[in-house]
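Because only heavy atoms are used, hydrogens play no part in the values below, and waters and symmetry mates are left out as well, while side chains stay in. It should be emphasised that the depicted structure is a prediction, and the values quoted were computed from it without experimental measurement. Chain naming here is simple, since letters A, B, ... match the order of the sequence lines and numbering starts at 1 in each.
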Amino acid sequence: MNFKKTVAIVTAAGAMAAISVPAMALENEFHGMYRAFGFMTNAFSGASGFNLAADSATDKFIEQRARLMYIAKANDDLKLVTQFEIDTKFGGSSSTKYPIGDGGGLDADRISLETKNVYLDFKIPLTPVRAMVGIQPFNDAFQGTFGLFDATGAVFTGKTGDLTATYGYFTVGNSNTSFDYKATPNGISDTGTNFPSNKGSQDLNVIDLKYAVNKNLTVGTSYYMLLDKVGTATVANNTVGLNAATKVGPVDLAASFGLQFGKSGVTTLTNTGTTAFGGSVVGKIAAGPGKIDVSALYLSGDKDASGYNHAWQSIGTGVNYFNAANMWLLVRNGAEINTATQIGGSSDITRGGHGLMGVFAGYEGTAGKMFYNANVGYARVAEKQAASSSSIGTELNATVGYKLYDNMSASFTGAYAILGDGYGKENVMLLNGKNVGKSYDNPFMTNIALNYAF
Amino acid sequence: MKKIIILLTMLLIPFSAVSSFASQMRVYVAGMSATGVQNRDEMQSTLQTLLASRLNSDKIIAVGSAGEADIVVNGTYVSIGKIFSLDASGKTTAGKIVTRAFVQGESQDELIPAIGKLAEKLSAGLIKMYPAGQPVAATQPPLATIPPVGAGSVPRSDFIKPKAQVTNTAAVWLSKRLAGAANLMAVGKLLSGGSREIFLAGDRRIAYYRQGSNMTLVSEVELESGYKIIALDTMEGNSDSVDIYVTIVRAGELASQVWQIKADKLVRVAADLPYYFRAVSVAGGPKKLYAQAMGRDADYYGDVAEATRNGSKITLKNPLKMPRYGTIYTFNQFHDHDGKTLTVVINPDGYLVVYDEELKELWRSNDKFGGSELYFQREDDANFRVTGDKYRWIFMNQCIQVTSTGEILIGKNEGFWVLGNARSYKRGAVYCLFWNGSSLDEKWRTQETQNYMPDYYYDEARNELLLLQTVQRPGITANGASSLSIRKVE
C-alpha cells in the first residue's frame with residue numbers, strides 16, 4: 001500500500017469516526033457557596049480546639065469558607081465534576097492543611113486552595129449503570145454516623161424500576177496515619193483525621209440497595225466492608241444495616257440501624273474483635289408555618305477501652321455527622337465550616353469509643369423572608385468508662401435569619417449548653433480524663449452568619 | 001387483448017376509489033367549549049359529535065384525530081339567558097384560519113337546527129377556500145419554503161415567520177402594571193361580554209382577575225407562611241364553576257389545594273392533597289387533569305395519571321409512562337403523520353427531547369428552551385456537607401403546550417445570570433414548532449419580551465397567546481409587579 005492510499009484511508013476513517021460520534025455540546029455549569037461566621041464564644045477560638053475551662057474568657061473571631069464547583073458537561077451521560085475550597089480565618093491561621101498560613105493574613109497572598117472533588121460521572125453505554133470515578137462525595141445510610149466524606153473511589157449505581165443498587169470502592173487511606181484507639185486517653189481525639197485501622201492501605205467496599213415500595217415508603221439495606229492490612233494479614237471491619245423512610249400523614253420518618261462486627265482495626269489489639277451497633281430515628285412533622293424536628297441517636301460504646309470492642313466505628317473522626325440533631329455544642333452542626341463547635345472540639349461523634357445517646361427536638365419555620373429555628377437537645381455518652389458520669393449536657397439554641405436574596409441570607413445564632421456531670425463537675429471527667437478541681441463554665445456560642453449558595 | 005383491457009380496468013378501479021377519497025377534505029372537530037350551561041362536559045362532547053356528523057358530505061369527511069386532518073375546527077357555545085351563540089373557526093394544520101362562522105338562536109329548541117346551519121356555513125367557507133378539497137400546503141409546509149430566519153432580518157410583526165406576512169401590532173393587548181410579581185398564570189371561563197377569568201399566583205398569593213378591556217382584580221388570597229405555590233391550573237368542573245388547582249409545597253412535601261370562585265370570592269374547597277397537578281391538552285386532545293406523586297427520595301414519583309376529584313379524594317386512572325426526564329410538568333405528546341404518539345420532554349438543561357412510542361429517544365434540539373426562576377426546595381441532609389446548602393433546589397420549567405393541530409409551543413427565557421441555582425432572566429419568547437417527520441422545526445416565535453416571562457398560555461379557542469411578564473422583581477420592601485400581554489396568533 002502506498003503512502004497516498006494510507007493517508008486516504010486514514011482520512012476517510014477519521015471522517016467516518018467524526019460523523020458517527022454523537023454531537024457533543026459542552027455545557028459549563030458552575031455552582032458554589034460562600035459562608036462566613038463571626039463567632040463570639042467562651043469555648044473556642046477557631047484554631048486551638050475547644051477549651052472548656054473554669055472562669056473562661058470570651059473570645060471572638062471570624063472565619064469564612066468559599067467553594068467553587070465547575071462541571072464540564074459533555075452531554076446528559078458524561079460530565080467532569082470539580083470542586084475546590086478556600087478556608088480562611090480573618091487575620092490568618094496556620095494549620096496542617098495551610099502550613100504557611102491561609103489567606104487571612106496581611107496581604108492575603110498564601111496558598112489556600114483545596115481540592116474537594118474531582119471525578120468523572122458517566123453512564124456506561126447500553127446499561128442503566130452510572131459510574132463515578134475519582135475524588136467524590138459519599139454519604140452513608142446511617143445519617144452520617146459511619147461516614148460522610150470525600151474520597152477517591154469508583155461508585156456504580158444502577159436503577160431498575162423502583163430499585164436502586166450501588167456498589168462503591170474507595171481507597172480511604174493508609175493506616176500509617178496511626179490512630180491508636182487504645183493509646184488515646186479516654187478515646188477523645190482532639191485533632192487530625194484518624195482511621196480505625198492498622199498499617200497498610202485501607203479499602204472500603206460499599207453495597208447499598210434501596211427500594212421505593214410506594215410513594216410513601218422506601219426501604220434499604222447496606223453492607224460496608226473496610227479492609228485493613230495488619231502485618232501480612234488482611235482484616236475486615238463489617239457494617240450491615242437496614243434503613244427506611246416513610247410518610248404517615250404529616251409525619252416524615254427516617255430510621256436506620258447498623259450492626260458492626262469483625263476487627264475494629266485497633267493498632268495493638270489486632271486479635272480483638274468488634275461487635276457494635278448504632279441506630280437513629282429522625283422525624284419531621286409539618287406544623288404551622290414550619291415543621292417540628294425530632295430525632296434520637298444511639299451509638300454503642302466500649303466499657304473499658306480495652307479488650308473486645310463494643311464501640312461504634314466511624315470510618316474517621318473528622319467525617320461523621322448527625323445533622324438531624326440541629327445542635328451546635330452537643331453534636332457538630334452541618335453548617336459548620338472551619339471550626340468544630342462540638343464540646344471537646346473533636347468532630348468524633350463517638351467521643352473516642354464512649355458512644356453517644358442523644359435526643360433532640362426543635363421547630364423551624366418561615367415568615368415571609370424571615371426564617372427561624374429553636375432547638376433543644378440532651379446527650380450523654382453510652383459508656384462513661386472511667387469517668388464519674390456519662391452526661392455531656394443539655395443544649396438550647398436558636399437562629400433567626402433573613403433572606404436578603406433567594407440565594408443569600410444573613411442569620412444570628414445563639415447556643416448555650418448546660419454541662420452535664422461528665423464534663424462540668426469537679427470529679428473525673430469525660431474530656432481527656434482531666435480533673436481540674438473546679439467546675440467548668442457552661443459553654444456558649446453566638447454567631448452572625450452570611451450564607452450564599454448557588 | 002380483451003382480457004388485457006378487463007385486467008387494466010380492474011386494476012384502475014381501486015385507484016379511482018382512492019382518488020375519490022383523497023379529494024375529500026378531512027376535517028376534525030377538535031372541541032366545542034361550552035359556557036353558561038350545566039353538565040358542561042356532556043354538552044361539549046355532544047356538540048362536538050353533532051357538528052362532526054353534520055359536516056360530513058361528499059366534499060368533506062369528518063375524521064377522528066387532528067393527525068389525520070387537513071382542517072381542524074374549534075368552536076364555542078355561549079348561552080346567556082335563553083339566547084345562545086355558536087361560533088366556530090376552521091384552521092389548517094399550519095395554524096392558518098381559513099373560515100369563521102356563527103349562528104345564533106333564541107331557545108334550546110333551536111340548538112340542533114343551528115348546528116346544522118353552522119355546519120353548512122363552515123362547509124361553504126371551506127369548499128370556497130379549497131374547491132379541490134385538498135389544502136395540501138396546510139398539512140405541512142414543504143421544507144424548501146421555510147428558510148431559516150436570518151439573524152439580520154428585522155421582524156415587522158409580533159410573530160417572526162419565515163416570511164413576515166402580517167403586521168399585527170395593533171392586535172397586542174397589554175395590561176396595566178399588576179401589583180405583585182406573579183410566577184404562574186391560568187385561564188378560567190369565558191364570561192359574557194367577551195371577558196375571561198385569569199388567575200395569577202405568586203409564591204403565596206392567588207389573585208383572580210377579570211380580563212376584558214382592562215384587567216380588573218376581583219379577589220385575592222394569601223396562603224399561610226411556609227407554603228409555596230409551584231403550579232396553577234384550571235379545570236372546568238361539572239357545575240358552572242372552575243376548579244383552580246394550586247400545587248403547593250409545604251415543608252418539602254406536597255400540600256396542594258383546590259379553590260373555586262363563589263360570589264366573586266376565592267374559596268378553598270380542598271386542601272393537603274399530596275399530588276402535583278397539571279391541567280393540559282395532551283397531544284392536542286381535550287384538556288384533562290393530570291397528577292403525579294412525590295416520593296421519599298424521588299422528587300417526582302411514579303407515572304403521570306389522569307386525575308378526577310371528588311371532594312378531597314383524588315382518583316387516578318390511565319397512567320402514562322414517562323421517558324427519561326419526563327415529569328408531569330416537563331412532558332407533552334403529539335401525533336406524527338403516521339398517527340403515532342410521540343412524547344416531547346424538556347430536560348433539565350433546557351433541550352427538547354422527542355421520544356417514540358417505546359420511549360426511545362428520536363431527536364433532541366440543539367437550541368435551549370424553557371427557563372424559570374420558580375423553584376421549590378426539599379431538605380437534603382445527605383448532601384448538606386457537599387453543597388453547603390441544607391436544601392435541594394428543584395426548578396420548575398416552562399410547560400409544553402400542544403395544539404389540536406399538532407403544533408408544539410414552548411416558552412424560552414434568556415438571561416445574563418443563569419449560574420447554578422442563581423437565576424435571573426432578562427427576556428422571554430414563545431416558540432411554535434412542528435414535527436417534520438424527523439425533527440422539530442420552528443414555525444414562528446414571538447418577539448422577545450422586555451422582561452422575564454415566568455409563564456405563558458395559548459388560548460386555542462381564541463387563537464390568542466397570553467404572556468405573563470415580571471416587570472419588577474420582588475425585593476426586601478417591594479412585592480414586585482407583573483404585566484400581561486395578549487397577542488393574536490395569525
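Annotation: B:Asn479, atom CG; neighbour count of heavy atoms from other residues, nucleotides and ligands within 6.0 Å does not exceed 12. Atom OH of A:Tyr70 has more than 12 heavy atoms from other residues, nucleotides or ligands within 6.0 Å.
Of the residues B:Tyr290, B:Tyr329, B:Tyr245, the one that meets the ring pair (Phe, Tyr, Trp, His ring centres under 6.0 Å) test with B:Phe277 is B:Tyr245.
In terms of non-hydrogen atom pairs under 4.5 Å with chain B, the most contact-rich of A:Lys369, A:Arg67, A:Arg35 is A:Arg67. Your options are B:Asn347, B:Asp389, B:Asp349, and the one with the most heavy-atom pairs under 4.5 Å with chain A is B:Asp349. Note: B:Arg324 leads B:Arg473, B:Glu224, B:Arg324, B:Met294 in heavy-atom pairs under 4.5 Å with chain A. Between chain B and the residues A:Gly288, A:Pro250, A:Gly290, the largest count of heavy-atom pairs under 4.5 Å involves A:Gly288. Top candidate by heavy-atom pairs under 4.5 Å with chain B, chosen from A:Lys284, A:Met33, A:Glu29, is A:Lys284. Contact count against chain B (heavy-atom pairs under 4.5 Å) is highest for A:Asp76 among A:Asn28, A:Ile71, A:Asp252, A:Asp76. Looking only at heavy-atom pairs under 4.5 Å with chain A, the residue among B:Trp393, B:Tyr301, B:Tyr227, B:Tyr325 that has the most is B:Tyr301. Per-residue counts of heavy-atom pairs under 4.5 Å with chain B were compared for A:Met408, A:Lys291, A:Gln143; the largest is that of A:Lys291. Residue with the most contacts toward chain B among A:Gly365, A:Gly368, A:Ala335: A:Ala335 (heavy-atom pairs, distance under 4.5 Å). Between chain A and the options B:Gly252, B:Gly388, B:Gly295, the largest number of non-hydrogen pairs under 4.5 Å is found for B:Gly388.
Only the side chain of B:Glu253 has a heavy atom closer than 4.5 Å to any heavy atom of chain A. For A:Phe371, no part lies under 4.5 angstrom from a heavy atom of chain B. Neither the backbone nor the side chain of B:Lys228 comes within less than 4.5 Å of any heavy atom in chain A. At a 4.5 Å heavy-atom cutoff, B:Tyr300 makes no contact with chain A through either its backbone or its side chain. With a 4.5 Å cut-off on non-hydrogen atoms, A:Thr164 does not touch chain B at all. For a residue to count as touching a neighbouring chain, one of its non-hydrogen atoms must lie under 4.5 Å from one of that chain's; by this rule B:Arg204 touches chain A with the side chain only.
A cation-pi arrangement is present between B:Lys412 and B:Phe369 under the rule of less than 6.0 angstrom and at most 45 degrees off the ring axis.
Of all the heavy atoms in B:Leu374 and B:Ile229, the pair that sits closest is CD1-O, 3.8 Å.
Relative ring orientation between B:Trp435 and B:Trp363 is described as perpendicular, the plane-to-plane angle rising above 60° on a 0-90° scale split at 30° and 60°. By the 30° and 60° cut-offs, the orientation of the rings of B:Tyr375 relative to B:Phe395 is tilted. A tilted orientation is assigned to the rings of B:Phe376 and B:Tyr276, their planes being inclined by 30° to 60°.
Taking a cutoff of 4.0 Å between a charged side-chain nitrogen and a carboxylate oxygen, B:Arg385 and A:Glu336 do not qualify as a salt bridge.
A:Ser314 contributes a side-chain N or O that, together with a main-chain N or O of A:Thr145, makes up a donor-acceptor pair within less than 3.5 Å.
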